Visitor: 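If you scroll down you'll find the structure; I have some questions about it.
Just so you know, these numbers come straight off a predicted model, no measurement behind them.
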Amino acid sequence: MKKIRTVFFDNDNAYLNSFINYVRTAQEGNKFELKLFTSEDNLHNFFKEKQTIDLLLVGSKKLAEQYAYQLNCVVINLESKRITEDHREFFSLYKYQPLNKLISNILAILYEQTKNITGVQVSNHTKVISIYSSSGGTGKTVTAVQLSRQLSLQNYKVFYLNLELYHSTQLFFQSPDDKHTSQILYYLKANPNQLMAKIETLKKKDARTNVEYFDMAVSAEEMMELSEGEVNNLIDCLKGTENYDYIIIDLESTVQPRIQAALNKSDYILWVVGADMQSFFKTKKMLEELGAIFSGQTTDFYTKSIFVINRYTGELNEELKKYNFDIHGFLPYVPEWNNLHTNIQLESIPFINEKIINLIKEQLEISRGVYNA
């Protein structure tokens with residue numbers, strides 16, 4: 001990952017120390033290659049040596065104005081008073097806002113000025129896992145939420161993306177931030193060049209688990225209008241931020257264009273299958289249809305599929321074996337989750353949490369055979 005070469009000048013030593021201490025521990029910290037200055041003379045000498053940087057943060061309006069004309073980089077003035085709109089040639093942010101928000105706003109400005117949707121560098125380390133099922137009622141969303149939650153609690157950086165027609169994100173993830181993030185759909189359609197910047201400012205972080213997500217309004221019409229290309233752009237930009245180890249995508253049981261896009265972009269597809277004849281039958285038919293849709297793809301659709309029996313009670317009916325596709329794991333039946341309505345209830349059965357994380361770790365670390373119809 002290319003570091004953002006950053007110079008930060010401020011004559012407030014205490015503020016600089018708090019900033020650098022935060023950056024060293026924050027998940028965004030590894031993005032920056034940071035040099036700090038408290039002396040104007042040392043700062044001037046640094047630039048006299050024709051040093052090139054990507055970003056200048058400066059706690060002085062005068063210096064920000066001076067360097068905005070001299071340097072070929074993004075210049076941001078960090079002001080000690082609340083910002084009022086003006087027509088400066090540089091950007092300004094209020095320096096005493098929470099540091100996580102300050103970093104997000106800095107990155108948003110930087111991405112907006114230097115990134116183009118066609119120039120997004122897609123991260124290779126971020127893995128995309130779609131949670132999918134051939135029919136509703138199999139426990140797909142609970143599995144997606146639990147997987148996101150457990151990966152985050154294992155210190156992985158996780159983004160939960162719900163692309164269902166009607167989603168229940170607000171039941172499982174909450175943030176003290178009262179902003180709504182439905183605007184992300186607007187930028188997908190109207191201004192995709194600003195998409196990566198807006199991800200930084202519109203995402204939310206769950207207060208209990210640190211899982212990041214979009215708090216989008218439930219709108220079937222807007223979801224139906226999402227194109228395959230728009231979903232591709234959204235996933236590429238999420239990966240391009242290089243903030244995440246895993247993006248968990250919660251999908252509905254259809255083959256709509258946005259669903260096809262997510263499946264195609266996924267490194268792994270976790271199929272949640274019920275332990276009943278109807279679920280096995282629908283899974284087989286859906287596999288046949290998707291196999292035909294993705295027949296020309298470079299990556300074999302079946303080899304990235306993980307089949308998991310959910311609500312498993314200890315045995316499978318012999319009739320189910322005739323469907324002849326590999327089952328990679330089992331998640332036990334939890335009666336307490338029949339009336340699930342909050343994220344806190346998911347914490348009540350610790351051994352299920354362990355089952356989920358172990359299942360995924362095992363499946364991501366071994367090679368699996370191709371599905372046999």
Visitor: Would you call Asp10 and Lys95 a salt bridge, using N to O less than 4.0 angstrom?
Guide: yes

Visitor: Just say parallel, tilted or perpendicular for the rings of Tyr160 and Phe173, cut-offs at 30° and 60°.
Guide: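 Ring orientation, 0 to 90° scale: tilted.
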
Visitor: For the atom pair CD1 (Ile293) and CD1 (Ile259), what is the distance rounded to the nearest 0.5 Å?
Guide: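 The CD1 atom of Ile259 is 11.5 Å from CD1 of Ile293, to the nearest 0.5 Å.
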
Visitor: So how far is it from Thr138 OG1 to Leu331 CG, rounded to the nearest 0.5 Å?
Guide: 11.0 Å

Visitor: So, the side chain of Ser279 versus the backbone of Ala275: is there a donor-acceptor pair under 3.5 Å, distance only?
Guide: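 No; judged by distance alone, with no hydrogens or angles, the pair does not exist.
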
Visitor: Before you tell me yes or no, could you show the steps for Ser227 and Arg258 under side chain to side chain donor-acceptor pair (under 3.5 Å), namely the whole-Å CA-CA distance, both residues' side-chain angles and the distance that decides it to 0.1 Å?
Guide: CA-CA 6 Å; Ser227 70; Arg258 74 182 184 285; over 6 Å; no

Visitor: So, using side chain to side chain donor-acceptor pair (under 3.5 Å) as the criterion, who are the partners of Lys198 when residues are at least two apart?
Guide: none

Visitor: Let me confirm one number: the CG-CD1 distance from Leu161 to Ile184, rounded to the nearest 0.5 Å.
Guide: 10.0 Å

Visitor: Should Tyr213 and Ser175 be marked as a side-chain contact (heavy atoms from CB on, under 4.5 Å) after you check the CA-CA gap, both sets of side-chain angles, and the distance that decides it?
Guide: CA-CA 10 Å; Tyr213 64 101; Ser175 167; 3.5 Å; yes

Visitor: Is a side-chain N or O of Ser266 found less than 3.5 angstrom from the main chain of Ala262, in a donor-acceptor match?
Guide: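 Between the backbone of Ala262 and the side chain of Ser266 there is a qualifying donor-acceptor contact (under 3.5 Å).
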
Visitor: What pair of heavy atoms forms the shortest contact from Glu79 to Ser92, and how long is it?
Guide: OE2-OG, 3.4 Å

Visitor: Ignoring hydrogens and angles, tell me if any N or O in the side chain of Asp54 forms a donor-acceptor pair with the backbone of Arg5 under 3.5 Å.
Guide: yes

Visitor: Check this for me: does any side-chain nitrogen of one of Glu212 and Lys203 sit under 4.0 Å from a carboxylate oxygen of the other?
Guide: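 Result for this pair is yes, salt bridge flagged.
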
Visitor: Show, in sequence, the C-alpha distance, side-chain angles and deciding distance for Val273 and Asn310, and conclude whether the side-chain contact (heavy atoms from CB on, under 4.5 Å) test is met.
Guide: CA-CA 6 Å; Val273 184; Asn310 195 24; over 6 Å; no

Visitor: Examine distances only and state if a side-chain atom of Ser253 and a backbone atom of Ser133 form a donor-acceptor pair shorter than 3.5 Å.
Guide: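 Looks like yes, one N/O pair under 3.5 Å.
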
Visitor: Are Asp236 and Lys265 within salt-bridge range, i.e. N to O under 4.0 Å?
Guide: yes

Visitor: Might you work through the side chain to side chain donor-acceptor pair (under 3.5 Å) test for Asn162 and Glu164, ending with a clear yes or no?
Guide: CA-CA 6 Å; Asn162 195 310; Glu164 293 180 297; 3.2 Å; yes

Visitor: Does atom CD (Gln70) have a neighbourhood of more than 12 heavy atoms from anything else shown, all under 6.0 Å?
Guide: yes

Visitor: Can you tell me how far apart CG (Leu263) and CG (Leu163) are? Round to the nearest 0.5 Å.
Guide: 10.0 Å

Visitor: Could you check whether Asp215 pairs with Lys204 (Lys NZ or Arg NE/NH1/NH2 to Asp/Glu carboxylate O, under 4.0 Å)?
Guide: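 A salt bridge is present here (some side-chain N lies under 4.0 Å from a carboxylate O).
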
Visitor: Is there a donor-acceptor pair under 3.5 Å between the side chain of Ser104 and the backbone N or O of Leu102?
Guide: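 Between the backbone of Leu102 and the side chain of Ser104 there is no qualifying donor-acceptor contact (under 3.5 Å).
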
Visitor: Going from CE on Met216 to CD on Gln170, what distance comes out if it is rounded to the nearest 0.5 angstrom?
Guide: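 Answer for the CE-CD pair, Met216 versus Gln170, is 10.5 Å.
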
Visitor: Do Lys239 and Ile247 come within less than 4.5 Å of each other through their side chains, counting heavy atoms only?
Guide: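 Yes. Closest side-chain heavy atoms under 4.5 Å.
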
Visitor: According to side chain to side chain contact (heavy atoms under 4.5 Å, CB included), who are the partners of Ser168, at least two apart in sequence or on a separate chain?
Guide: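 Listed in chain order: Thr141, Leu171, Phe172.
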
Visitor: Does the pair Asn21 and Ser18 meet the rule for a side chain to side chain donor-acceptor pair (under 3.5 Å), with working shown?
Guide: CA-CA 5 Å; Asn21 287 335; Ser18 65; over 6 Å; no

Visitor: Yes or no on side-chain contact (heavy atoms from CB on, under 4.5 Å) for Leu55 and Val7, after CA distance, side-chain angles and deciding distance?
Guide: CA-CA 6 Å; Leu55 174 66; Val7 167; over 6 Å; no

Visitor: Has Asp245 got a side-chain atom pairing as donor or acceptor with Lys157's backbone, closer than 3.5 angstrom?
Guide: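 Checked: pair present.
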
Visitor: Report the distance from atom CG of Leu78 to atom CD of Gln97, rounding to the nearest 0.5 Å.
Guide: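 It is 8.5 Å, given to the nearest 0.5 Å.
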
Visitor: Could you check whether the rings of Tyr15 and Tyr96 sit parallel, tilted or perpendicular, using 30° and 60° as the cut-offs?
Guide: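 Perpendicular, since the angle between the ring planes exceeds 60°.
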
Visitor: Are Lys61 and Glu65 within salt-bridge range, i.e. N to O under 4.0 Å?
Guide: no

Visitor: Less than 3.5 Å apart, any donor N or O on the side chain of Asn105 or Glu200 sitting next to an acceptor on the other?
Guide: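 No, no side-chain donor-acceptor pair sits under 3.5 Å.
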
Visitor: Please check this pair: side chain of Asp267 against backbone of Val128, looking for a donor-acceptor N/O pair closer than 3.5 Å.
Guide: yes

Visitor: Other residues, nucleotides and ligands only: do more than 12 of their heavy atoms fall within 6.0 Å of CD on Gln154?
Guide: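 Counting neighbours around CD of Gln154, more than 12 heavy atoms of other residues, nucleotides or ligands fall under 6.0 Å, so yes.
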
Visitor: Which atoms form the tightest heavy-atom contact between Leu195 and Cys237, and what is the distance?
Guide: CD2-SG, 3.8 Å

Visitor: For atom CE of Met277, decide whether the heavy atoms of other residues, nucleotides or ligands shown that lie under 6.0 angstrom number more than 12.
Guide: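 Enclosed: over 12 neighbouring heavy atoms sit under 6.0 Å from CE of Met277.
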
Visitor: Over 60° means perpendicular and under 30° means parallel, so tell me whether Tyr312 and Phe330 are parallel, tilted or perpendicular.
Guide: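 Judged by the thresholds at 30° and 60°, the geometry between Tyr312 and Phe330 is tilted.
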
Visitor: Any donor-acceptor pair under 3.5 Å linking the side chain of His328 with the backbone of Phe307?
Guide: yes

Visitor: Taking the six-membered ring where the residue is Trp, are the ring centres of His44 and Tyr67 under 6.0 Å apart?
Guide: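 When the ring centroids of His44 and Tyr67 are compared, they turn out to be within the sub-6.0 Å range.
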
Visitor: Do Lys140 and Glu252 sit within salt-bridge range, that is, some charged N less than 4.0 Å from a carboxylate O?
Guide: no

Visitor: Lys35: what forms a salt bridge (charged side-chain N to carboxylate O under 4.0 Å, His left out) with it, not counting sequence neighbours?
Guide: none

Visitor: Ser305 side chain to Ile269 main-chain N or O, any donor-acceptor pair under 3.5 Å?
Guide: no

Visitor: Determine whether the aromatic ring centres of residues Tyr244 and Tyr156 are separated by less than 6.0 angstrom.
Guide: no

Visitor: Please determine which of Phe8, Phe9, Phe46 meets the ring pair (Phe, Tyr, Trp, His ring centres under 6.0 Å) test together with Phe37.
Guide: Phe46

